[in-house]
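Residue numbering restarts at 1 for every chain, and letters A, B, ... go by the order of the sequence lines.
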Amino acid sequence: MPELPEVETIRRGVAPALVGRSVAAVHVYDRRLRWPVPLGLERALPGWQVAAVDRRSKYLLFRMVPPAGASPDGGTMLVHLGMTGSLRIHRRAPARTTHDHVDLVFDDGTTLRYHDPRRFGTILWVPGDAAAHPLLARLGPEPFSAGFGADTLHRATRGRRAAIKLALMDNRLVVGVGNIYANEALFRAGIRPTVAAGRLSRARLAGLVDAVRRTLAEAIDKGGSTLRDYVDSAGEPGAFQLGYAVYGRDGLPCPACGTAVRSLRQGQRSTFYCPTCQT
DNA sequence: CCTCCCCCCTGCGCGC
DNA sequence: TGCGCGCAGGGGGGAG
């Protein structure tokens, strides 16, 4: 269910429960994720401690360090939730249910449980510096970083005939903008999703950069408000409870002007837009 | 390099 | 109520 705001919400939820904890046991119940969960996970992690939980794009990076006195290099557990992955913290883990694939049990009994019906997610073990890992090395700028701006976006899209919505979802231009927020940000910016990226002016791209940031930031804020529910009990990150302006609203009135929202397919994914507000 | 299209997999909602 | 179909928030990878 995760786009960047959800992943960030999850990061903020799990980090305080795990940082400083040592791994007591790793249980892999089903290795068949996007790539097989490597045996190295069980081999490396026991005894190691969580130093930090970071995020890069929609990847969660669990920075692990060995016990004091052991080899100096740490490693990173790379987790991606795909379409349906979720992570839950349990003080005492309840019985495993369908689609619970991996448990990390910590020294105080706290359990981090990975659940993923479609198994499009990823759990990898990366010794040493994870930044060099192929899945991370070529990622574009984070949406809130200085590297994502009108100038760089303008330069990167010149000569590109691809639709702006597809460009926005191209993780070399900016990471973390998935289908929902691409739709919502384009609505906010007043840009039609089908316009060729290379034909948009710098000024319009500046508006888009701003719209992307505001859309994501709002969703993260909303997620934060229900963080406790997510971590401590049954519940979903709050961003799902957001009302969307256009996403999933085919035929319903545009919240700004009342025109019926339209939908179409781009790159095998659904696009929604207001034909009046977005040009 | 760019663009397009496929696929991995399960669950759910809808129309009949 | 049951069944088949299409669709779902990601993104790597290969073909052209």
Side-chain angles (χ1 to χ4, degrees), chain A residues 1-10 29-38 55-60 78-87 97-102 114-124 126 133-140 142-143 153 155-187 193-199 212 215-216 218-220 222-223 230 236-251 263-272:
Chain A
M1 335 204 129
E3 288 212 33
L4 184 143
E6 289 77 11
V7 176
E8 179 59 22
T9 297
I10 290 163
Y29 306 108
D30 193 339
R31 290 189 190 282
R32 300 172 301 160
L33 301 188
R34 174 78 196 258
W35 294 283
V37 177
R55 180 188 58 73
R56 175 75 172 102
S57 184
K58 295 173 187 168
Y59 291 92
L60 287 168
L78 207 61
V79 176
H80 194 293
L81 301 171
M83 300 262 274
T84 54
S86 60
L87 285 174
T97 62
T98 313
H99 307 312
D100 288 342
H101 304 313
V102 177
Y114 179 82
H115 175 94
D116 188 357
R118 287 174 78 178
R119 292 188 277 111
F120 284 0
T122 302
I123 299 181
L124 295 176
V126 186
H133 191 278
L135 291 174
L136 303 181
R138 301 229 283 258
L139 292 175
E142 290 287 325
L153 192 55
R155 205 173 315 124
T157 52
R158 290 315 90 181
R160 285 254 217 155
R161 276 177 299 182
I164 185 60
K165 184 187 173 222
L166 297 176
L168 207 48
M169 295 175 69
D170 179 341
N171 65 18
R172 291 165 303 180
L173 299 185
V174 60
V175 301
V177 184
N179 197 37
I180 292 180
Y181 294 114
N183 279 297
E184 294 294 303
L186 286 163
F187 170 75
T194 48
V195 176
R199 297 183 58 86
V212 165
T215 305
L216 294 176
E218 243 171 59
I220 292 170
K222 297 267 166 74
Y230 174 74
E236 302 273 290
F240 301 129
Q241 293 143 32
L242 274 177
Y244 299 121
V246 289
Y247 182 79
R249 292 177 46 83
D250 189 22
S263 74
L264 51 84
R265 306 280 297 173
Q266 287 179 288
Q268 288 82 239
R269 295 218 144 80
S270 293
T271 294
F272 302 89

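At the phosphate of C/dA8, OP1 or OP2 sits under 4.0 Å from a side-chain N or O atom of A/Arg265. Of the side-chain N and O atoms in A/Asn171, one or more sit less than 4.0 angstrom from OP1 or OP2 of C/dG12. Residue A/His99 places none of its side-chain N or O atoms closer than 4.0 Å to OP1 or OP2 of B/dC9. Side-chain nitrogen and oxygen atoms of A/Tyr247 include none within less than 4.0 Å of the OP1 or OP2 phosphate oxygen of C/dA8.
Annotation: C/dC3 and B/dC9 have their P atoms spaced 24 Å apart (nearest Å). For C/dC7 and B/dC5, the P atoms lie 16 Å apart once the distance is rounded to whole Å.
Position along DNA chain B of the nearest nucleotide to A/Ala156 versus A/Gly267 favours A/Ala156 as the more 5'-ward residue.
Residue A/Asp116 is out of contact with every strand shown, counting any heavy-atom pair closer than 4.0 Å. Within 4.0 Å (heavy atoms only), A/Arg160 reaches sugar-phosphate atoms of the nucleic acid but no base atom. In this structure, A/Arg34 reaches the bases: a heavy-atom distance under 4.0 Å links it to at least one base atom across the strands shown.
Rounded to an integer number of Å, the gap from A/Leu139 CG to C/dG12 P is 7 Å. With rounding to whole Å, A/Leu173 atom CG is found 15 Å from C/dG11 atom C1'. Between A/Asp170 atom CG and B/dT3 atom P there is a gap of 9 Å when expressed in whole angstrom units.
No side-chain donor-acceptor contact under 3.5 Å links A/Arg119 to the backbone of A/Asp30.
The nucleotide B/dC9 finds no pairing partner, because no Watson-Crick or G-U wobble arrangement with both distances shorter than 3.5 Å includes it. Taking a pair to require two hydrogen-bonding distances under 3.5 Å in either a Watson-Crick or a G-U wobble arrangement, C/dT1 remains unpaired.
The side chain of A/Pro117 sits closest to B/dG11 out of C/dG13, B/dG11, B/dC2.
The existence of a salt bridge linking A/Glu142 and A/Arg55 is confirmed by a sub-4.0 Å separation between a basic side-chain nitrogen and an acidic carboxylate oxygen. For A/Asp170 and A/Arg160, the salt-bridge test passes: some basic side-chain N is under 4.0 Å from an acidic carboxylate O.
A donor-acceptor contact under 3.5 Å is formed by the side chain of A/Arg118 with the base of B/dC9.
Using modelled atom types, one finds a donor on one side chain and an acceptor on the other under 3.5 Å when comparing A/Thr271 with A/Gln266.
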